[in-house]
Amino acid sequence: MAHVVVVGAGQAGSAVVAKLRGLGFDGQITLVGEEPSPPYQRPPLSKAYLMGEMEEERLWLRSSAFYAENAITLKLGHRVSAIDRAAKTLTVGDETLTYDHLVLTTGSTPRRLPAAIGGDLAGVYTVRTLADVDAMRAEFQPGRRVVIVGGGYIGLEAAAVARKLGLEVTVLEMAPRILQRVAAPETSDYFRALHTDHGVTILESTGLDRILGDTRVAGVRLKDGRELPADFVIAGVGILPGQALAEAAGLEIDNGIKTDAHGRTSDPSIWSAGDCASFPWKGGRIRLESVGNAIDQAEVVAENIMGAGKDYDAKPWFWSDQYDCKLQIAGLNTGYDNIVTRGPEAGGVSFWYYRGDTLLAVDAMNDPRGYMVGKRLIEAGKSPDKTKVADLSVPLKDLLTA
């Protein structure tokens, strides 16, 4: 009986095992995860869960009963220390598992602030796992002071929660503007204004020199010599693909675990999906950090384990919730050279990314119709006339048939 072992019990890992059973796979399935909890959603960690508005069980992607009912063996709280590709085995604690197919859905890990600048002091946190958020929740008390290092989406979401809970919040961004790596200046301006209106202090072009304190955070010193008091610090400085296990096993690495269009790694018996995996896309190679990609790529891998021979055609989409703003993003803006603004209209606005006359992506703030129309256009390979996009007298639905 064939045995599929999936390493990494997150969104992608859960999607692989569920899809395999849904397709009628009747062999053994084992899902191995380092965390003690069953697979859960990560996006609400920095939002509803941190706010105390969601219990842990509501984060779970599927009930514990689902795995038992579908004969999926869960090995939670277990770390895989080695893969022996020749023997087709992996070491899990003091146990050795044999596999026919191995799927690496090892996700990503947050970048941490260096110990040399105080990154290992008590009161310095990252936002990635349940344990991370559980460790910091007690810090979120009205009147306390938090410094958030990094003005990306994770940092800004944490800032929004902190302000809602009555904390004093300062965001440090080393680049000239927040969201510089991922968004246009128009989107940066929108979220800078949103956070400033809610009382967040945003310091751009501002580097962190070190975190102050003996054993616990007392404040931060900036590169320009200023010192700010702080009760705790959150590092939102990006994530790294979880490729260490694959790399140690000798698999090819290229901005994560390198896969082909089917999700297969350089070893024909080993597959990969999710944040940790890079794959061919539109003549290049990309790695996506999103829920949608984790699910879709994982399901294609499951289909291909069953022999489908199917290419993965990514359709990137993302979202972020901050205060009463829902940002929805369709497409990838890499290579854009001009922006078209639609709105504001009915409390929403959207920014449309073009390269020449080709539509690449849309950032929609409280504009779900703009997002849905933009997404459909991008996925269909259509690029509406820019003057019509900007003209509010032209209904959005007309862009689909223009």
Side-chain angles (χ1 to χ4, degrees), residues 1-21 25 27-42 45 56-57 59-110 112 120 126 128-135 239-251 253 256-257 259 263 265-277 294 298 301-302 305:
M1 182 184 293
H3 187 192
V4 175
V5 178
V6 181
V7 178
Q11 191 89 53
S14 179
V16 169
V17 299
K19 186 70 171 181
L20 281 170
R21 284 294 187 237
F25 178 75
Q28 290 179 267
I29 300 178
T30 301
L31 178 59
V32 185
E34 287 191 15
E35 296 183 64
S37 299
Y40 61 86
Q41 310 171 64
R42 294 194 191 278
L45 289 178
E56 179 183 335
E57 288 76 10
L59 294 173
W60 294 355
L61 294 166
R62 294 173 174 84
S63 69
S64 298
F66 169 86
Y67 301 98
E69 289 165 0
N70 285 277
I72 296 165
T73 301
L74 286 181
K75 289 188 175 295
L76 302 176
H78 288 78
R79 181 175 174 275
V80 176
S81 56
I83 298 168
D84 184 332
R85 291 166 51 197
K88 286 193 172 184
T89 63
L90 61 160
T91 304
V92 186
D94 57 2
E95 186 179 4
T96 299
L97 297 181
T98 301
Y99 65 85
D100 295 285
H101 293 277
L102 176 61
V103 187
L104 300 177
T105 54
T106 43
S108 53
T109 57
R112 299 186 180 274
D120 59 353
T126 55
R128 187 63 186 164
T129 66
L130 264 168
D132 289 338
V133 178
D134 287 343
I239 61 176
L240 297 167
Q243 64 189 40
L245 185 64
E247 198 165 9
L251 297 177
I253 302 296
I257 303 170
T259 71
T265 72
S266 53
D267 183 317
S269 299
I270 303 180
W271 311 74
S272 187
D275 286 6
C276 62
V301 165
I305 288 173

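FYI, side chains are in, hydrogens and waters are out, and symmetry mates aren't considered; it's all heavy atoms of this structure. In what follows, residues are counted from 1 in the order of the sequence shown. Computed from a predicted model, the values in this text were never measured in an experiment.
Across all non-hydrogen atoms, the minimal contact from F25 to Q28 is CE2-O, 3.5 Å. Across every non-hydrogen atom of G13 and V6, the tightest pair is CA-CG1, 3.8 Å. Nearest heavy-atom pair, W60 versus S37, reported as atom, atom and distance to 0.1 Å: NE1-CB, 4.5 Å. Annotation for C276 and G242: closest pair CB-O, 3.8 Å, computed over non-hydrogen atoms. Here the closest non-hydrogen pair linking R21 and A71 is NH2-O, 3.0 Å. Here the closest non-hydrogen pair linking G274 and A12 is CA-CB, 4.1 Å.
Of the inter-residue distances, the one linking K88 atom NZ with I270 atom CD1 reads 9.0 Å to the nearest 0.5 angstrom. Atom CD1 of I239 is separated from atom OG1 of T109 by 8.0 Å, given to the nearest 0.5 angstrom. Atom OG1 of T265 is separated from atom CD1 of I257 by 8.0 Å, given to the nearest 0.5 angstrom. Note: D275 CG to L240 CG = 11.0 Å, rounded to the nearest 0.5 Å. One finds the OG atom of S64 at 10.5 Å from the CD atom of E69 (value rounded to the nearest 0.5 Å). To the nearest 0.5 Å, the span separating CD1 on I253 from CD on Q243 amounts to 4.5 Å.
Annotation: side chain of L59 is in contact with side chain of L45 (closest heavy-atom distance under 4.5 Å). Considering only heavy atoms from C-beta on, L104 comes within 4.5 Å of I83 through its side chain. Within the 4.5 Å cutoff, no side-chain heavy atoms of L76 are placed close to those of E35. For the pair Y40 and R42, the minimum side-chain heavy-atom distance is below 4.5 Å. Y67 has its side chain within reach of P39: a pair of non-hydrogen atoms, C-beta onward, lies under 4.5 Å apart. When side chains are defined from C-beta on, L102 does not count as touching D267, because their heavy atoms never get closer than 4.5 Å. You'll find the side chain of R85 reaches within 4.5 Å of the side chain of L251, heavy atoms only.
Panel note: side chain D134, backbone A131; no donor-acceptor pair is recorded below 3.5 Å. Between the side chain of T105 and the main chain of V7, a donor-acceptor pair closer than 3.5 Å is present.
At a threshold of 4.0 Å, the pair R128-E34 does not count as salt-bridged, since none of the basic side-chain nitrogens sits closer than that to a carboxylate oxygen.
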- Message: Working note: E95 + K75, criterion side chain to side chain contact (heavy atoms under 4.5 Å, CB included); need CA distance, chi angles, decisive distance, verdict.
- Response: CA-CA 11 Å; E95 186 179 4; K75 289 188 175 295; 3.1 Å; yes

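With 3.5 Å as the limit, one finds a donor-acceptor pair spanning the side chains of T30 and H3.
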